[in-house]
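Notes for the one structure printed next.
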Amino acid sequence: MKKKYAQVIVDNKATSTDKLYTYIIKSSMLDMLQEGMRVLVPFGRGNKIVKGIVVSIEEDYDNKYNLKSIIDIIDDKPLIPKDLIELSLWMSKEYLSSYLSAFQVVLPPGNYKEVQTIVSIKDTFKLKHYKLNSLEQKIINLLKIKGNNLKLETIKEYIKNSNINSAIKALEDKGLIETTLEIENLVGKKYEKYVSLENKSISYDDMVNIIGTRCYKQLEIAKYLLSLKGEDISLKELMKKTNSSLSTVKALEDKGIINIYNKEVYRTPIKGNIPKYKRQLLTPKQKKCVDEIMNSIKGKKEDKKFLIHGVTGSGKTEIYLHLVEEMLKFGKESIILVPEIALTPQTIERFVGRFGDNVAVLHSKLSNGERFDQWRKIKEGKVKIAVGARSAVFAPFNNLGLIVIDEEHENTYKSSMNPKYHAIEVAEKRCEQTGACLILGSATPSIESYYKAKNGKFKLLYLDERINSSEMPKVNIIDMRDELNRGNKSIFSKALYKAIDKNLRDNKQTILFLNRRGYSTFVSCRQCGYVVKCNSCDIAMTYHMKDNKLKCHYCGLAINPPNICPVCNSKYIKYFGIGTEKVENYTKKMFPNAVVKRMDMDTTTKKGSYESILKDMQNKKIDILIGTQMVAKGLDFENVTLVGIIAADTSLNLPDFRGPERTFQLITQVAGRAGRGDYEGKVIVQTYTPEHYSIQCAKEHDYISFYNKEILLREEFKYPPFVNIISIIIYGEDQKLVMNRSKEVYKHLLNEAFDINYKDFKKNIIGPYPAPLEKIKKNYRYQILIKCKDDELEDLKRIVEWVCILNKYKLDYQGIKFNIDINPNSIM
DNA sequence: GAAACCTAAGCT
DNA sequence: GCTTAGGTTTCA
């Protein structure tokens, strides 16, 4: 048989070793080994055994290196299919991430099989005739004392010596010890005891004959089992249902009536009974939308990307549900992405409620075991639908037909960890690979997606009516400067106060939104102007009243608030700015009879607390709900008729080009929570910049006008979608060093750009300057931004790779790190 | 990132 | 002649 070679990505985090390595496949493995399996390979000078993943299998090799052979195969079948391997390779190029990190997101969650080297003494007789050095002797002694089969890891824990590997190798060469490899499962499959009838066609009378009439408890169980009509049941459930003990069931087993066996079960994160979510008839507009998509799917292969622009409450979810149903008819699988699982429980409930056991749920809050099992269900074809956050886009389906991205404008779809992928881009790629259909949906599409739709990259579908044809809520803009002029210094404008009051009397619910948690946003000395900042972040600290602490929202540091100014010793320390906590306090004071609840990161950390607030809201036990962005997403309560936005400008004043877009989206999304039921909704927006187009357009629910304004500005000031932005953040603890290296990096980037004739390189490579958040977690940060057109992006990425990652100029990068982001969410 | 390799210095 | 500590080099 002809020799074959495997290209392997080795489990080694160093950037310099992040490449494909070629290994010889031993003839004994030729039949077994497939792409997507993990293997053990010797690596480095010491031939340390490391894990690797086989990316491709080649017929030929051009003898450039002295190849080594694969030692062993870890998996019995490929962990990931070919298209996901391809996708990972694409990602690492696209986002300048390492191969390893790109594969980590597609591989099953957790390192569920770990490899251990076991060391044991081989020849005690020989041992006496060898002179050993001190280290070797230590190892032998440890093996004698601690038992003969020790993990290499354990030995290293006891004997701290950098030469331990060579000592073990020396001992092995002398034939004194031997080492073996053990592959252990970290996350196992879960088994549960199940009960089945030994003879499925047995009649009740026959059973009575065997069991005997006096054992009435056993008979009761037998009767129950018969009622299941041949279905097996878990032992636990059987005991609970029949209120019986283990011994009674065991007695039945002894009598040969039943059989108790171990059944593999999946851990499920879906707790409790999710009510059935009934199939709903589509409105003509919805139907048209579904038809159009289905026609395209059946038709040409190219036209398979859609953007559904549907106003809040226009029934996008029902469209997704229908599409998934159509997919099932073709035997095709679907992935549904939602921004953040915890924040969109209603969407998930609808999918589970409609499709039941056919749905896997994937998100970051799952335990390792749960996550693994959900992944396994998908891989093994036990489910056809996966609902989840960003990373669910990698769900290992084999026959993918549909990817839906709900609320596609959300920034959670862009990963902030390596690989810094955008779920929309990955989904596009996956759909191109598999021929699946991509659906993006939003009431406020991102400027980028809408631009693509306008230019024919996506097909644009429009839903302009709410499903129960209720009106869009009326939006009132309140100029807070006028309020101040009229002497109202409180958090609520007169109009908002009145509206809340009226709503309370009408027994309706109110949502108040403020995009800032805590009590006061900063603490300052009135005498000298000193602002309390975090020691390690150089960011103003927020006062939290609940635990009377100043907290840093970037690193989590909490300190006691000062009583006197640490700079000038004055006593005039004052608290400025409002957060949700303050709004809560104030609201309770103003409306003492109302039930007020707050929902933000601080009140929802405990498991289930979020759900309980929602439940109370659903059951109308809460009159006023105050929250951060959490209340903006996907909540659907029919009794909410008033939404108040306390300060609409917070997202507008950030030094980021997406400020207006964020503001428009937030106002529109929050406003969309109002008036979803039979009652008219009302929205009150408080702002200091009422004339701003993002606020004015949101008032009119006019996305198109907003888009037209915004897209002109993006073009004029060279922002996405007209250019790509590469953000390079150079950071480290030594400010001077970071600054100097940044300058060097900048210089070399310019050089390289000049070499490839990159137009306007001086204008489009910007920096280095201190990043908007100059210091985070003790690290000083300098930023370089590169703007470029689509057709220049590849070249510029390669330049950045040369200078920052591969370090072509051999700069001393000790003590500094890079954070490279292609088209980041925000440039802060 | 990790281990072998290399070198120089310290110890007996 | 050996160990030890630190720096450098390499990984198929």
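First the proteins, then the strands, lettered A, B, ... as listed; each starts at 1.
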Problem - Rounded distance in Å - CG (A/Asn12) to P (B/dG1) - result: 9 Å
Exercise for the section: With heavy atoms under 4.0 Å as the rule, sort A/Tyr23 into base, sugar-phosphate or nothing. Expected result: sugar-phosphate
Exercise for the section: Please work out if A/Thr15 contacts a base, only the sugar-phosphate, or nothing of the nucleic acid, heavy-atom cut-off 4.0 Å. Expected result: nothing
Practice task
Describe, in one word, how the ring planes of A/Tyr413 and A/His422 are oriented to each other, choosing from parallel (under 30°), tilted (30 to 60°) and perpendicular (over 60°).
Solution key: tilted
Exercise for the section: Could you state the atom-to-atom distance from CG of A/Leu152 to C1' of B/dA2 in whole Å? Expected result: 13 Å
Completion exercise
Between CD of A/Gln7 and C1' of C/dC11 the distance, given in whole Å, is 15 Å
Exercise for the section: Grab the NZ-C1' distance between A/Lys13 and B/dA3 for me, whole Å please. Expected result: 16 Å
Practice task
State which residue, out of A/Ile49, A/Ile118, A/Val119, fulfils the side-chain contact (heavy atoms from CB on, under 4.5 Å) condition with A/Thr179.
Solution key: A/Val119
Exercise for the section: Would you tell me whether A/Tyr809 and A/Glu744 have side-chain atoms, one donor and one acceptor, within less than 3.5 Å of each other? Expected result: no
Handout entry: Donor + acceptor pair across side chains of A/Gln7, A/Tyr61 (<3.5 Å)
Key = no
Handout entry: Between B/dA4 (C1') and A/Ile168 (CD1): distance, integer Å
Key = 16 Å
Taking N or O atoms only and anything under 3.5 Å, show me the protein contacts with nucleotides 10-12 of chain B, one pair per line.
none

Problem - Rounded interatomic separation in angstrom, taking CG from A/Asn47 and P from C/dT10 - result: 16 Å
Exercise for the section: Would you kindly give the OH-to-P distance between A/Tyr65 and C/dT10, to the nearest whole Å? Expected result: 12 Å
Problem - A/Tyr65 and A/Tyr21 aromatic centres sub-6.0 Å - result: no
Under 3.5 Å between N/O atoms: give me all the protein pairs with nucleotides 1-6 of chain C, atom names plus distance.
none

Handout entry: Face-to-face contact A/Tyr21 to C/dA12 six-ring, under 5.5 Å, under 30°
Key = no
Fill in the blank from the handout: From the candidates B/dG1, B/dA2, B/dA4, the one with an atom nearest any side-chain atom of A/Arg45 is B/dA4
Problem - Length of the line joining A/Phe43:CZ and B/dA4:P, which is rounded to integer Å - result: 14 Å
Exercise for the section: Verify ring pair (Phe, Tyr, Trp, His ring centres under 6.0 Å) between A/Tyr731 and A/Phe818, making sure each step is shown before the conclusion. Expected result: CA-CA 6 Å; A/Tyr731 64 101; A/Phe818 289 92; 8.5 Å; no
Practice task
Would you mind telling me which of C/dA12, B/dG1, B/dA2 lies closest to the side-chain atoms of A/Lys48?
Solution key: B/dA2
Handout entry: Side-chain donor-acceptor contact under 3.5 Å, A/Asn724 with A/Lys789
Key = no
Problem - side chain to side chain donor-acceptor pair (under 3.5 Å) against A/Asp538, all qualifying residues, sequence neighbours excluded - result: none
Exercise for the section: Examine A/Phe394 together with A/Tyr421 and report whether their ring centres are nearer than 6.0 Å. Expected result: yes
